[in-house]
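Step one of this worksheet: look at the structure below.
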Amino acid sequence: MHRVWAEIDTAAVRHNLAAIRARAGAARVMAVLKANAYGHGAVEMARLLVNEGIDHLGVGDSGEALELRDAGIAAPILIVGGIIPGEMPAVVARDIEVNLHTVQMAHDLNAEAERQGRNVRVHLKIDTGMGRLGMQPFEAVPFLHQMKGLRSLELVGLCTHFSSPYEENPAFTLRQLEHFNLAVELAQRLGYGELMLHASSSLAVWQHPDARFNMVRTGIALWGLLPGGDRGWEAALKPALELKSRVLFLKDVPEGTPVGYNRTYYTPAPTRIATLPVGYNDGYRTSLSNRASVVVHGRRCPVVGRVSMDYTTIDVGHAPQVQVGDEVTLIGPGVELYEVAQWAEAIPYEILCGLGRRVARVYR
Ligand SMILES: Cc1ncc(COP(=O)(O)O)c(C=O)c1O
């Protein structure tokens, strides 16, 4: 029996994939499985998605890519982020696709591929305004010419990343799109005909259908969320993850009892306090202290006192039926992830990615 666990509804993930496909039209779908599939379990999610005929997988670094290859995942995998030179030998040897960000990187990767007598499939990343990774559009022009001399690199894709696809005002995204379209045109003029073209993450798939090109890269929507404000888009999706724990200890206390580190809470009246074996080591952050609620027997119960490494205390004074061993929902129906993220002053992505190693993943 688990003390703290994430329940992952595999039917919800399938449903979300179908909703993305319906929205993406003819475009292929790359499932972004970075950060242990945003806490959902990368290997399990990769297996499920491959069974569903996913076109492509995206990961953040070579460690994540190798984890999938070691688990027998043969589908195309792209490292959507950047790599450092020390990651190149494994990437080449295990047939992992990479995004190219600099001319130097292209030369180093080509040299490594030549050394191994292999080819590497690469996507050229254009920085159209994200300002994080990728080549500036003006650098891409001479590079695409030069690239033809790098015989062990096979250019299979051209991509960019939007910084603000959720903004009400689409002007910045449209400018990014314009710059990307110029790069696409140029690549086509240089004879790179059959490229995968991808720019949209989950929100852009909904907000900017004209930016789908022939592939979209979706993470958060697969897990049933579209944190872009209240636009009704999420009706098409189902949150896939619930975070649960159990009551470990119960005690009746009088008014004025301090609870937790630094006595940040004193009971205002006689009540009953339940201790849960979940804490910041599990990703249930200290910023949730004295702010969040959890659900026990269908009732919301407030978190009182400071969340500590292994424990969280809640007030169950108004839920007298609660017993040691009872199930508690920390994220799920009645305490949606959005609300938890707001309490934590975080974005939903952070809460999912922050779920700790001790949180068992249970698939149903
Ligand atoms: C380059 C890139 N593409 C796609 C995604 C997926 O984004 P989302 O989870 O919003 O769909 C990410 C996620 O951070 C990313 O870094």
Side-chain angles (χ1 to χ4, degrees), residues 12-13 16-17 19-24 27-42 45-46 49 54-65 76-83 96-101 122-135 157-167 173 176-177 180 183 196-209 211-229 231 233-234 236-241 337-338 341 346-355:
V13 178
N16 296 334
L17 175 61
I20 293 165
R21 281 178 164 150
R23 185 80 189 179
R28 285 180 275 189
V29 177
M30 177 188 296
V32 177
L33 301 180
K34 294 198 294 181
N36 198 26
Y38 299 36
H40 293 64
M45 292 298 103
L49 292 161
I54 197 79
D55 300 294
H56 230 96
L57 302 174
V59 296
D61 61 26
S62 62
E64 292 182 346
I77 301 176
L78 169 67
I79 298 179
V80 297
I83 58 169
I96 314 289
E97 298 173 11
V98 288
N99 272 346
L100 284 181
H101 305 285
V122 295
H123 301 234
L124 179 59
K125 179 141 187 172
I126 311 289
D127 181 5
T128 56
M130 177 67 182
R132 182 173 68 171
L133 291 167
M135 263 181 219
L158 203 60
C159 59
T160 193
H161 194 47
F162 296 128
S163 72
S164 333
Y166 39 82
E167 280 178 4
T173 305
Q176 285 195 262
L177 189 55
F180 186 58
M196 286 176 255
L197 304 173
H198 47 108
S200 292
S201 55
S202 299
L203 277 157
V205 174
W206 265 260
Q207 175 90 320
H208 294 283
R212 291 188 301 229
F213 296 94
N214 58 22
M215 187 155 78
V216 297
R217 302 183 305 265
T218 52
I220 200 83
L222 280 169
W223 324 124
L225 298 138
L226 269 178
R231 295 179 194 168
W233 290 335
E234 274 157 307
L237 303 173
K238 293 184 182 164
L241 181 143
L337 177 58
Y338 291 107
I347 57 172
Y349 294 69
E350 282 175 88
I351 303 292
L352 291 176
C353 295
L355 294 177

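Note that ligands are numbered from 1 as they come in the structure, with each ligand's atoms numbered from 1 the same way. What you are looking at is a predicted structure, and each value in this text was computed from that prediction instead of being measured.
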Of all the non-hydrogen atoms in the protein, which one sits nearest to atom 2 (C) of ligand 1, and at what distance? H161 CE1, 3.3 Å

Does ligand 1 have any atom sitting under 4.0 Å from a heavy atom of L203? no

Taking the side chain as every heavy atom from C-beta outward, state whether R132 and S163 have any atom pair closer than 4.5 Å. no

Under 3.5 Å, N or O to N or O, is V80 touching ligand 1 that way? no

Please assess H198 against H123 for the test ring pair (Phe, Tyr, Trp, His ring centres under 6.0 Å), listing each intermediate value before the final yes or no. CA-CA 10 Å; H198 47 108; H123 301 234; 5.1 Å; yes

Starting from atom 14 (O) of ligand 1, what is the nearest protein heavy atom, named by residue and atom, and what distance separates them? K34 NZ, 3.0 Å

Nearest-0.5 Å distance that lies between atom NE2 in H161 and atom CZ in F180: 12.5 Å

Interatomic spacing from CH2 in W223 to CG in L241 - rounded to 0.5 Å: 10.0 Å

Hey, are T128 and T160 close enough side-chain-wise for a donor-acceptor pair under 3.5 Å? yes

I'd like to check which ligand 1 atoms, numbered from 1 as shown, lie under 4.0 Å from a non-hydrogen atom of K125. 1 (C)

Atom CZ of R217 and atom SG of C159: how far apart are they, to the nearest 0.5 Å? 5.5 Å

Among W223, Y349, Y166, which one has a heavy atom closest to atom 10 (O) of ligand 1? Y349

Distance filter under 4.0 Å to T218 heavy atoms, resulting ligand 1 atoms: 11 (O)

Closest protein heavy atom (residue, atom, distance) for atom 7 (O) of ligand 1: S201 CB, 3.4 Å

With atoms numbered from 1 as shown, which atoms in ligand 1 lie under 4.0 angstrom from a non-hydrogen atom of Y38? 6 (C), 7 (O), 8 (P), 9 (O), 13 (C)

Does a donor on one side chain sit under 3.5 Å from an acceptor on the other, for E97 and H56? yes

Provide the number and element of each atom of ligand 1 under 4.0 Å from a heavy atom of I220. 8 (P), 9 (O), 10 (O), 11 (O)

Closer than 4.0 Å to some heavy atom of R132 - which atoms of ligand 1 meet that? 16 (O)

So which heavy atom in the protein is nearest atom 4 (C) of ligand 1, and how far is it from that ligand atom? R217 NE, 3.5 Å

Looking only at protein heavy atoms, which one is nearest to atom 11 (O) of ligand 1, and what is the separation? S202 OG, 2.5 Å

Indicate yes or no: at least one non-hydrogen side-chain atom of L225 is less than 4.5 angstrom from one of L352. yes

Quick check for you: to the nearest 0.5 Å, what is the distance between Q207 atom CD and E167 atom CD? 9.5 Å

